[in-house]
**Student:** 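Encoded as structure tokens, here's the structure I'll be asking about.
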Amino acid sequence: MKALVVNCTLKASPEPSNTEALASVVAERLSEHDVKVDFVRAVDLRLLPGVVTDAGEGDEWPRVHAKLLESEILIIASPTWLGRPSSVAQRVLERMDAMLSETDDEGRPVAYNRVAGVVVTGNEDGAHHVISEISGALGDIGYTIPGQAWTYWHLGPGPGPDYLDEQRGREWAHDTGRAMADNLFGVARALTAHPLPASG
């Protein structure tokens with residue numbers, strides 16, 4: 001089984017990413033279930049605006065799209081800015097919109113029988129709002145969202161230290177992240193054994 005983590009930080013590599021650090025906790029747990037996990041830092045790629053799978057010359061989204069179709073598990077990881085998902089996360093979801101019109105060999109939307117979850121970091125409140133926005137979009141596209149398939153870390157409203165600089169709240173975020181990984185794997189395994197049929 002394969003999982004893809006799309007890190008929607010605003011920080012280009014090799015700058016350390018708080019969001020990737022927390023997502024790595026989930027990835028490590030998935031690895032314990034023998035899931036092969038791949039990371040993509042979306043800001044490092046040239047993802048042209050649009051709601052198509054291939055926007056033409058120079059567009060690097062098709063590489064990400066191919067990884068999505070190879071993975072049974074998807075994790076969108078985003079920081080919180082102004083109480084909302086990052087602009088990079090919005091770009092990723094807009095590009096995934098094209099998957100609504102793509103079907104597999106049995107006529108099912110290509111996101112069917114795949115599961116997805118969300119990781120959020122930030123020093124301001126709004127983590128549940130970010131989780132809801134991203135989860136809602138992924139559900140629209142066709143992903144199955146298991147119960148409690150998310151984790152987050154923040155220290156409440158206002159400025160403060162970053163995840164990588166602060167120990168407070170980590171134990172809860174890590175415990176929740178490991179539970180998230182277990183739930184994603186469990187539902188992905190169930191869908192592999194008993195896939196959703198094509199409608200009609």
Side-chain angles (χ1 to χ4, degrees), residues 1-8 19 23 26-27 29-30 33-43 45 47-55 59-78 84-120 128-152 177 179-200:
M1 190 173 292
K2 294 182 179 180
L4 177 65
V5 178
V6 181
N7 179 10
C8 298
T19 305
V26 182
R29 182 63 159 223
L30 287 171
H33 293 295
D34 295 323
V35 177
K36 182 181 178 182
V37 185
D38 191 13
F39 278 78
V40 168
R41 191 180 291 206
V43 75
L45 304 176
L47 306 182
L48 298 179
V51 289
V52 295
T53 295
D54 190 341
D59 183 24
E60 294 186 86
W61 177 255
R63 289 169 41 199
V64 182
H65 179 265
K67 289 178 182 288
L68 290 170
L69 297 186
E70 293 170 358
S71 304
E72 292 86 359
I73 299 171
L74 170 64
I75 296 166
I76 300 291
S78 176
R84 301 181 58 81
S86 73
S87 57
V88 176
Q90 183 63 29
R91 173 65 55 87
V92 166
L93 292 171
E94 287 169 349
R95 295 305 303 270
M96 290 180 69
D97 183 86
M99 295 170 69
L100 283 165
S101 60
E102 298 173 5
T103 56
D104 65 14
D105 293 338
E106 297 184 31
R108 295 173 296 202
V110 292
Y112 269 37
N113 299 309
R114 305 176 196 277
V115 301
V118 184
V119 171
V120 178
H128 277 282
H129 175 75
V130 173
I131 291 165
S132 295
E133 284 212 358
I134 296 175
S135 295
L138 293 171
D140 282 350
I141 292 164
Y143 281 88
T144 295
I145 314 298
Q148 297 183 340
W150 47 261
T151 189
Y152 66 88
M180 165 189 175
D182 292 343
N183 294 347
L184 286 167
F185 175 72
V187 175
R189 184 171 56 179
L191 286 171
T192 298
H194 303 284
L196 299 170
S199 61

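Side chains are part of it too, since the values below use all heavy atoms of this structure and drop only hydrogens, waters and symmetry mates.
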**Student:** How are the rings of F185 and H33 set to each other: parallel, tilted or perpendicular (split at 30° and 60°)?
**Tutor:**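 Ring orientation of F185 relative to H33: parallel.
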**Student:** Taking atom CG of L93 and atom CE of M99, what is their separation to the nearest 0.5 Å?
**Tutor:**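 These two atoms lie 11.0 Å from each other.
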**Student:** Does S78 use its side chain to pair, donor to acceptor, with the backbone of C8 at less than 3.5 Å?
**Tutor:**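 No: the side chain of S78 does not pair with the backbone of C8.
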**Student:** With side chains defined as the heavy atoms from C-beta onward, is the minimum distance between M96 and Y143 less than 4.5 Å?
**Tutor:**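 They are in contact (side-chain heavy atoms under 4.5 Å apart), so the answer is yes.
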**Student:** Can you name the closest pair of heavy atoms from G177 and V26 and give their distance?
**Tutor:**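 Heavy atoms only, the tightest pair is O-CG2, 3.7 Å.
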**Student:** Which atom names give the shortest non-hydrogen contact between R108 and N113, and what distance separates them?
**Tutor:**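 Residues R108 and N113, closest heavy atoms: NH1-ND2, 3.4 Å.
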**Student:** May I ask you to check whether over 12 heavy atoms, not counting those of Y112, lie within 6.0 Å of atom OH?
**Tutor:**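 Not buried by this count: 12 neighbours or fewer within 6.0 Å.
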**Student:** Is the side chain of D59 donor-acceptor paired with the backbone N or O of D54 at a distance under 3.5 Å, no angle test?
**Tutor:**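 Looks like no, no N/O pair under 3.5 Å.
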**Student:** Just how far is it from atom CG of L184 to atom CE of M1, taken to the nearest 0.5 Å?
**Tutor:**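 These two atoms lie 10.5 Å from each other.
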**Student:** Which atom pair, heavy atoms only, marks the closest approach of A149 to M180?
**Tutor:**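 The pair with the smallest heavy-atom distance is C-CG, 3.6 Å.
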**Student:** For a quick test of your reading: what N or O donor-acceptor pairs under 3.5 Å do the side chains of residues 60-76 make, sequence neighbours left out?
**Tutor:**
unit_1 : atom_1 : unit_2 : atom_2 : d
E60    : OE1    : R63    : NH1    : 2.5
E60    : OE2    : R46    : N      : 2.8
H65    : NE2    : E102   : OE1    : 2.7
H65    : NE2    : E102   : OE2    : 3.4
K67    : NZ     : D38    : OD2    : 2.6
S71    : OG     : K67    : O      : 2.8
E72    : OE1    : K2     : N      : 2.7

**Student:** Pair L48, R95 - check side-chain contact (heavy atoms from CB on, under 4.5 Å), show working.
**Tutor:** CA-CA 9 Å; L48 298 179; R95 295 305 303 270; 4.1 Å; yes
**Student:** Identify the heavy atoms of A42 and V88 that sit nearest to each other, and give their distance.
**Tutor:**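 It is CB-CG1, 3.6 Å.
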**Student:** Could you measure the distance from the CZ atom of R84 to the NE2 atom of H129? Nearest 0.5 Å is fine.
**Tutor:**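 Rounded to the nearest 0.5 Å, the CZ-NE2 separation comes to 4.5 Å.
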**Student:** For A111 and I141, work out which heavy atoms get closest and say how close.
**Tutor:**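 Smallest interatomic distance, heavy atoms only, reads CB-O, 3.6 Å.
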**Student:** Taking all non-hydrogen atoms of both residues into account, name the closest pair between A181 and L30 and its distance.
**Tutor:**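 That would be O-CD2, 3.5 Å.
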